[in-house]
Amino acid sequence: MATTANPTRDDFAAMLEATLGSADGFEGRVVIGTVTAIENDLAVIDVGLKSEGRVPLREFAMPGQKADLKVGDEVEVFVDRVENANGEAMLSRDRARREAAWDKLETEFAKTARVEGVIFGRVKGGFTVDLNGAVAFLPGSQVDIRPVRDVTPLMDIPQPFQILKMDRKRGNIVVSRRAVLEETRAEQRSGLIQSLAEGQVIDGVVKNITDYGAFVDLGGIDGLLHVTDLSYKRVQHPSEMLNIGDTVKVQIIRINRDTQRISLGMKQLESDPWEGATTKYAVGTRLSGRVTNITEYGAFVELEPGIEGLVHVSEMSWTKKNVHPGKIVSTSQEVEVVVLEVDEEKRRISLGLKQAQNNPWEAFEAAHPVGSTVEGEVKNATEFGLFIGLDGDVDGMVHMSDIAWGISGEDALNLHRKGETVKAVVLAVEADKERISLGMKQLERGGPSAAAVASGGDKLNKNAIITVTVLEVRDAGLEVQAGDDGATGFIKRTDLGRDRDEQRPERFQVGQKFDAMVTGFDRSKKPTFSVKAMQIAEEKQAVQQYGSSDSGASLGDILGEALKARSEKN
């Protein structure tokens, strides 16, 4: 009887290889195994190798869910190693799912199709997403169309994603939830925008409020309600009229179907207050209103809700020039105004604030006629005169030639300082030009009366020789008076005589009388005199009447005859 040798270990290996093939062929592959037992948190799986492998139950469950696995179930696992140090097969359900998922994802990515996944964790700059075994990165900017503060409600629930980029060698996948939302929203907007028409009135919900307006949800598509279309009256900020969540009735003003932008309006549902504004606010009408806004160039005054007019800075005050409007009026102040101009087409009304007040120049002219005496403070001294503050907050100007007699205008200006109180005569008032001309020298002793100034001065003829009386002796000359009660004038030092010896003012005394020639009149109609001019004129006349010195007669003889004839005539 023949005996059979016991099979060796090599024989068993050969038999196993003949049955299953080479064990090395299992490694790195996805195979189908059977669950033979469940021990605590591990599933024991037989894949037909020398020994079974153990896989954690969590690898068989979706994030946030429990594993639905029982003995006898067939599952796909990835064979990492046929045998470890304990003689067990090293199996992985995650690797199996990942490999299968990558195959499917590559196909979906090529078709730009959406894939389903679950957000299950946070990482720097975004979140991790389980795409049925493959782990993808979801950047924070790709979570939603608008920034999301709390992502917790979106986690652990299946939802669609769009693959933006994937690299199998590096195991890198980037997905976007925002792209899916935008595409869905675009489809909804496209359908909804086709159902809307300009001029249509529709209800909406205020979704967001900005400085320039509010976004209103029209049921899947947003429209912009600009702040200027909220009301005909001035609205500083949309929050004055709207709150987030308010349901409002709006009118569709414009629809741009290419950009899918919708402009909305609320004031269009109200009656336009500007209709008939030209009739309601006729030029010259006196009205009351409230200051709503102040700018550098003027102030806006509300005449009624929706109707505002502009008071330009030049029309705010009769006397306050070059000042900021905020120093004349304040916001919310009630003011009286007069309508100056109306442009209904451009929705503009020009108003005047000063026109509703008395014209101080006209009031001054009525209270202080030409020739009257006024008193005021020197407000300013310029190179051409003095500005005097007068009643009614108006200024009058004294030209430098009207400050004092007998001295130059420059010297006269130096006699007065800012803040000094002075008296003057009203020479002229031009209310339409807002001018008042004053004179100070007209109040000096012996000067022409105010009535004489107003009527054009004393009736003196130029080149006439008259007798004058010395009123005052000065270094610069003599102040004299024509006749006993005539106009006063000044004789300059150089006009006191032909010879230098005669040009000394100190040789005259107050009250002394002598003859002089009227040589002209200054700007205030005041006469100017000259002894020198009179002497020259008399010499010429004497030579003509009594002979020439060339005939042998001396100049003394000629003048002697002339003086003798003049004495006999008088």
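Inspection of the T278 and E344 side chains reveals an N or O donor paired with an N or O acceptor under 3.5 Å.
Annotation: ring pair (Phe, Tyr, Trp, His ring centres under 6.0 Å) contacts involving residues 335-364, sequence neighbours excluded, comprise F364-H368. Applying the salt bridge (charged side-chain N to carboxylate O under 4.0 Å, His left out) definition to pairs two or more places apart or across chains, none involves residues 379-395. For residues 226-245, the salt bridge (charged side-chain N to carboxylate O under 4.0 Å, His left out) pairs, not counting sequence neighbours, are R234-E308. Evaluation of the salt bridge (charged side-chain N to carboxylate O under 4.0 Å, His left out) test over residues 131-148, restricted to residues two or more places apart or in two chains, returns D144-R177, R146-D222.
Residues passing the ring-ring contact (aromatic ring centres under 6.0 Å, His included) test with F215, sequence neighbours excluded: none. Scored by the side-chain contact (heavy atoms from CB on, under 4.5 Å) test, K354 finds E315, W318, K321, E434 as partners (sequence neighbours excluded).
Here the straight-line distance linking atom OG1 of T285 with atom NZ of K280 works out to 12.0 Å at 0.5 Å rounding.
Within the 3.5 Å criterion, the main-chain N or O of V248 finds no donor-acceptor partner in the side chain of D246. A distance-only check finds a donor-acceptor pair linking the side chain of Q159 to the backbone of L154 [under 3.5 Å].
Around atom NZ of K207, more than 12 heavy atoms belonging to other residues, nucleotides or ligands sit under 6.0 Å away. In this structure, D150 places its CG atom where more than 12 heavy-atom neighbours from other residues, nucleotides or ligands lie under 6.0 Å away.
Counting heavy atoms from C-beta outward, N172 and K165 have side chains that approach closer than 4.5 Å. For the pair Q142 and V175, the minimum side-chain heavy-atom distance is 4.5 Å or more.
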- Query: Could you walk me through whether L230 and L242 pass the side chain to side chain contact (heavy atoms under 4.5 Å, CB included) check?
  - Reply: CA-CA 9 Å; L230 280 170; L242 301 173; 3.6 Å; yes

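Ion pair E108/K104 not flagged as a salt bridge, since none of the NZ, NE, NH1 or NH2 atoms sits closer than 4.0 Å to an Asp/Glu carboxylate oxygen.
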